[in-house]
Trainee: 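Input: one structure, supplied below.
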Protein chains: 2
Amino acid sequence: MFEKDIFIHHVYFWLKNPLSIEDRDSLVEGLKKLSSVTTIKNFHIGTPATTSREVIDNSYAISWLLLFNNKDDQDSYQIDPVHLKFVEDCKHLWNKVVVYDTIGI
Amino acid sequence: MFEKDIFIHHVYFWLKNPLSIEDRDSLVEGLKKLSSVTTIKNFHIGTPATTSREVIDNSYAISWLLLFNNKDDQDSYQIDPVHLKFVEDCKHLWNKVVVYDTIGI
């Protein structure tokens, strides 16, 4: 079980050029650099699994799952210079981003 | 860092009666029972955080994040009797479910 106060920040990216492996790899490289932000407790960079059912959205290119110890750490990440540089360097790669922020119930 | 082969199954539920705390609690209780499926490595039950930006979708009621050691364990979970009973018992509570299945890159 995850810790009680954990803050889950799950981002899904859709690429501007969805067939470009080069663009996908550039985004992954950018996320790897981004993972150095010190308030990040744990992270996962992924792609859609091969599962397929009506309810499954596998149209995204990259999943970026972040765990923070609490909301303050997530707030700090949003304004971290490493994060701002990532957005600046990589925003030309995507045309859609959906974020789900979740706290425990 | 998560283990290399980890399989991430993230489900977002929208309730049929989004203002019903009773329905939300029933779904949470159902998920707690569902968490007993033995192939589940780790799980988190949550609600939207208080963050608010254009890219954030906070319209869902419940987030159900599951970690499996691998795809086989996730496949097994899908047909586990405990999972089938959860769907049978709780499906009247939601009107929309979106699932993102992710593997590492």
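Throughout, protein chains are lettered first and strands after them, A, B, ... in sequence-line order, and every chain is numbered starting at 1.
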Trainee: Which of the residues A:His10, A:His9, A:Lys71, A:Gln74 is involved in the greatest number of heavy-atom pairs with chain B at under 4.5 angstrom?
Mentor: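 Most heavy-atom pairs within the cutoff with chain B belong to A:His10.
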Trainee: Any residues in residues 95-105 of chain B near chain A, with a heavy-atom distance under 4.5 Å, and which are they?
Mentor: B:Val97, B:Val98, B:Val99, B:Tyr100, B:Asp101, B:Thr102, B:Ile103, B:Gly104, B:Ile105
Trainee: Taking only residues two or more places apart in sequence or in another chain, which ones pass side chain to side chain donor-acceptor pair (under 3.5 Å) with B:Asp72?
Mentor: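 By the side chain to side chain donor-acceptor pair (under 3.5 Å) rule, B:Asp72 matches no residue at all.
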Trainee: Please output the residues of residues 78-91 of chain B in contact with chain A, using a heavy-atom cutoff of under 4.5 Å, in numerical order.
Mentor: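 So the qualifying residues are B:Gln78.
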Trainee: State the CD1-CG distance between A:Ile40 and A:Leu66, to the nearest 0.5 angstrom.
Mentor: 4.5 Å
Trainee: Compare every heavy atom of A:Tyr12 with every heavy atom of A:Trp14, then report the nearest pair and how far apart it is.
Mentor: CZ3-O, 3.4 Å
Trainee: With chain A, which of B:Ile56, B:Thr47, B:Asn58, B:Asp75 has the greatest number of heavy-atom pairs at distances under 4.5 Å?
Mentor: B:Thr47
Trainee: Assigning hydrophobic clusters by single linkage (Ile, Leu, Val, Met, Phe, Trp, Tyr; side-chain heavy-atom cutoff under 4.5 Å), is A:Trp94 placed with A:Trp64?
Mentor: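 Yes; A:Trp64 is reachable from A:Trp94 via cluster members.
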Trainee: Sort A:Asp57 into side chain, backbone, both or neither according to what part of it lies under 4.5 angstrom from a heavy atom of chain B.
Mentor: both
Trainee: For chain B, which candidate among A:Ile6, A:Ile8, A:Leu65 shows the most heavy-atom pairs at distances under 4.5 Å?
Mentor: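 The answer is A:Ile8.
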Trainee: Examine B:Tyr60 and B:Ile62 and state if one hydrophobic cluster contains both, with Ile, Leu, Val, Met, Phe, Trp and Tyr joined whenever side-chain heavy atoms are less than 4.5 Å apart.
Mentor: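 Result: no, two separate clusters.
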Trainee: Do any of residues 15-38 of chain B have a heavy atom less than 4.5 Å from a heavy atom of chain A, and if so, which, in residue order?
Mentor: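 B:Arg24, B:Val28, listed by number.
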Trainee: Where does the angle between the aromatic ring planes of A:Phe68 and A:Phe7 fall among parallel (under 30°), tilted (30 to 60°) and perpendicular (over 60°)?
Mentor: perpendicular
Trainee: Any idea which heavy atoms bring A:Pro48 and A:Ala61 closest together, and the distance?
Mentor: CD-O, 3.8 Å
